[in-house]
Amino acid sequence: MNNIPIYKPDLSGNEKAYVDECLDSTWISSKGSFIEKFETGFAKFTGIDNAVSVSNGTVALHIALLALGIGPDDEVIVPTLTYIASVNAITYVGAKPVFIDSLESTWQMDPEDIARKITDKTKAIMVVHLYGQPCDMDSIAAIAKDNDLKIIEDCAEAIGGMYNGQHVGNVGDVAAFSFFGNKTITTGEGGMVLSNDRATADKARKLKGQGLAEGREYWHDIIGYNYRLTNMSAAVGVAQLERIDDFITAKFALAQAYKENLTAKGITFHPEAKGTTNSYWMCSILVDEPSKRDGLREALKAKGIETRPLFFPIHTMPMYQDEGNYPVAVDLAARGINLPSWPGLESDDIKLITDTINEFMETA
């Protein structure tokens, strides 16, 4: 029986050596040389001026919102087709999430729906570059400017994604990244808050470190959080950064192989919008009818191939239910499948996956 997981990290570089260095030095907690190296290296990679490491991607979103002053009675616009963390972070600060439908062409949030949902309580737009495809940032930035709104870019799934020649995260006021074990680079658990505004980054750094005042030991002048990344996790991140270009190149090649080999009718591969580079964190497809989705997943499972459905729209979940109309997001979620997407996937495995899909769709 085959065993082809949806994702697995490549830890075959200097990860072990750098973690051993932490252990030998005893710098294993939230201080140590690897933290600064990781922050500096990731900032350079993205082209964003300031980077603040944190303990996970959800924390990065929470801190990003707090750093922008988002709080109770504010509204934050967010896509309904996203991972739950995007919306939970809005709730953490006491703000109200306002859901947006998706574009069928890219699966990303619909700028026209954003414009319709703005009220006098709207303070920010949380952009989510879903599955690695950048959103229409020109349109969203124009809406934000016209309405004096902040932009938070949720880039958790978009390491390597580009918009008009810039890495995602450069358009918004603040960006949040994730380094969970299934992300393009990993620290096990970890995240990063980045901003081209130094004051925003400084606020994020203070918030993640218990609100410690600068220049005075053990004096805290705001309520902060223990959201710090460990030196050992950062050590893994530094090792991953050394090979990030190879990981991204391999993921592009994997996506291309899927596109070339998925030949049956009734399959749509996640499209890439003009002027963007999809990072293909997940290689995802749509089937033409929702009734075929679960059957195809079972056919793949029978051959030892793990898949996942697209995220459930958040507005359908018990704590966030509303009566809004989000037909595109609901349709995409009902027809979408994430395929195995790790950069080391062998050509024989790709062939098994695509042959299984083609055979199922030709007879379904």
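Annotation for Phe269: atom CZ counts as buried by contact number, over 12 foreign heavy atoms lying within 6.0 Å. Within a 6.0 Å sphere centred on CG of Asp148, other residues, nucleotides and ligands contribute 12 heavy atoms or fewer. In the displayed structure, Tyr7 atom OH is contacted under 6.0 Å by more than 12 heavy atoms of other residues, nucleotides or ligands. Heavy-atom contacts from other residues, nucleotides or ligands closer than 6.0 Å to CG of Asn226 number more than 12. By the 6.0 Å contact criterion, CD on Gln321 is enclosed, its count of non-hydrogen atoms from other residues, nucleotides or ligands being greater than 12. Crowding of Lys117 atom NZ: a count of heavy atoms from other residues, nucleotides or ligands under 6.0 Å exceeding 12. The environment of Glu242 atom CD is dense: over 12 non-hydrogen atoms of other residues, nucleotides or ligands sit within 6.0 angstrom. Heavy-atom contacts from other residues, nucleotides or ligands closer than 6.0 Å to CD of Glu36 number 12 or fewer.
Contact check for Asp136 versus Thr106: no side-chain heavy atoms found under the 4.5 Å cut-off. Residues Phe38 and Leu229 are in side-chain contact: their nearest non-hydrogen atoms beyond the backbone lie under 4.5 Å apart. In this structure, the side chains of Met232 and Leu23 come closer than 4.5 Å at one or more pairs of heavy atoms. You'll find the side chain of Leu194 stays beyond 4.5 Å of the side chain of Val174, heavy atoms only. By the 4.5 Å heavy-atom criterion applied to side chains, Met126 and Ile90 are counted as neighbours. Counting only heavy atoms from C-beta outward, the side chains of Val168 and Met162 never approach each other to under 4.5 Å. No side-chain heavy atom of Arg198 sits less than 4.5 Å from a side-chain heavy atom of Asp49. Counting only heavy atoms from C-beta outward, the side chains of Leu241 and Phe42 approach each other to under 4.5 Å.
Ring geometry for Tyr227 versus Tyr225: interplanar angle under 30°, hence parallel rather than tilted (30 to 60°).
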- Task: Start with the C-alpha gap between Asn196 and Asn50, add the side-chain angles, then the distance that decides, and say whether side chain to side chain contact (heavy atoms under 4.5 Å, CB included) holds.
- Result: CA-CA 6 Å; Asn196 285 311; Asn50 307 286; 5.6 Å; no

- Item | Arg116/Asp113 under salt bridge (Lys or Arg N to Asp or Glu O under 4.0 Å): CA gap, chis, key distance, verdict | CA-CA 5 Å; Arg116 286 192 292 266; Asp113 201 25; 3.3 Å; yes

- Check the pair Glu272 / Lys274 against side chain to side chain contact (heavy atoms under 4.5 Å, CB included), numbers first and verdict last. CA-CA 7 Å; Glu272 186 173 68; Lys274 184 178 180 181; over 6 Å; no

- Task: Test ring-ring contact (aromatic ring centres under 6.0 Å, His included) on Tyr320 and His315 and set out the steps.
- Result: CA-CA 5 Å; Tyr320 292 120; His315 78 278; over 10 Å; no

- Residue pair Arg205, Glu39: steps toward the salt bridge (Lys or Arg N to Asp or Glu O under 4.0 Å) verdict: CA-CA 12 Å; Arg205 191 173 299 280; Glu39 291 176 342; 3.4 Å; yes

- Item | Derivation of the side chain to side chain contact (heavy atoms under 4.5 Å, CB included) call for Ser341 and Trp281 | CA-CA 7 Å; Ser341 300; Trp281 169 61; over 6 Å; no

- Stepwise side chain to side chain contact (heavy atoms under 4.5 Å, CB included) test for Val59 and Lys208: CA-CA 9 Å; Val59 160; Lys208 72 124 176 195; 5.9 Å; no

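A cation-pi arrangement is absent between Lys183 and Phe179, since the terminal nitrogen or guanidinium carbon is not both under 6.0 Å from the aromatic centre and inside a 45° cone about the axis.
No side-chain donor-acceptor contact under 3.5 Å links Asp173 to the backbone of Lys150. Between the side chain of Asn358 and the backbone N or O of Thr354, at least one donor-acceptor pair lies under 3.5 Å. The main-chain N or O of Thr200 is found under 3.5 Å from a side-chain atom of Asp197 such that the two form a donor-acceptor pair. Thr82 contributes no side-chain N or O that, together with a main-chain N or O of Pro79, makes up a donor-acceptor pair within less than 3.5 Å. Using a distance-only test at 3.5 Å, with no hydrogens or angles considered, no donor-acceptor pair links the side chain of Thr26 to the main chain of Cys22. No side-chain donor-acceptor contact under 3.5 Å links Asp24 to the backbone of Glu21.
Tyr326 and Tyr83 end up in the same hydrophobic cluster when Ile, Leu, Val, Met, Phe, Trp and Tyr side chains are linked at under 4.5 Å. Both Val78 and Phe312 are assigned to one and the same hydrophobic cluster, defined by single-linkage of ILVMFWY side chains at heavy-atom distances under 4.5 Å. No path of Ile, Leu, Val, Met, Phe, Trp and Tyr side chains, each step under 4.5 Å between heavy atoms, connects Val128 with Leu103, placing them in separate hydrophobic clusters. Under a hydrophobic-cluster definition in which Ile, Leu, Val, Met, Phe, Trp and Tyr are linked whenever side-chain heavy atoms come within less than 4.5 Å, directly or via other members, Ile63 and Ile35 are assigned to different clusters. In terms of hydrophobic clustering, with Ile, Leu, Val, Met, Phe, Trp and Tyr side chains grouped at heavy-atom distances under 4.5 Å, Ile84 and Leu310 are assigned to a common cluster.
Considering NZ of Lys251 and SG of Cys283, their distance stands at 6.0 Å, rounded to 0.5 Å. Rounding to the nearest 0.5 Å places CG of Asp349 at 3.5 Å from CD1 of Ile4. Between Asp154 atom CG and Ser86 atom OG the span is 4.0 Å, to the nearest 0.5 Å. Of the inter-residue distances, the one linking Gln240 atom CD with Ile159 atom CD1 reads 9.5 Å to the nearest 0.5 angstrom. The distance from the CD atom of Glu112 to the CD1 atom of Ile100 is 11.5 Å, given to the nearest 0.5 Å. Taking CG of Leu68 as the reference point, atom CD1 of Ile152 lies at 5.5 Å (rounded to 0.5 Å).
A side-chain donor-acceptor contact under 3.5 Å links Asp10 and Ser12. When only modelled atom types and interatomic distance are considered, Asn338 and Ser284 share a side-chain donor-acceptor pair under 3.5 Å. Side-chain atoms of Thr276 and Gln133 form a donor-acceptor pair, as typed in the model, at a separation below 3.5 Å.
Listed by chain and number, the residues in a side-chain hydrogen bond (donor to acceptor under 3.5 Å, both in side chains) with Asp294 amount to none (sequence neighbours excluded). With sequence neighbours left out, Phe99 forms a ring-ring contact (aromatic ring centres under 6.0 Å, His included) with no residue at all.
Summarising the geometry of Pro340 relative to Ile305, their closest heavy-atom pair is CG-CG2, 3.8 Å, with the distance given to 0.1 Å. Between Ala264 and Met361, the shortest heavy-atom distance links the atoms CB-CB, 3.9 Å. Nearest heavy-atom pair across Ile118 and Leu149 is CD1-CD1, 3.9 Å.
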Distance-only check: which donor-acceptor pairs under 3.5 Å involve side-chain atoms of residues 327-337, not counting sequence neighbours?
residue : atom : partner : partner atom : Å
Asp331  : OD1  : Arg335  : NE           : 3.2
Asp331  : OD2  : Arg335  : NE           : 3.1
Asp331  : OD2  : Arg335  : NH2          : 2.8
Arg335  : NH1  : Val287  : O            : 2.9

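Aromatic rings from Tyr280 and Tyr131 are positioned such that their centres are separated by 6.0 Å or more.
With respect to the salt-bridge test (charged N to carboxylate O, under 4.0 angstrom), the residues Lys265 and Asp288 do not qualify. The existence of a salt bridge linking Arg243 and Asp246 is excluded, since no basic side-chain nitrogen approaches an acidic carboxylate oxygen closer than 4.0 Å.
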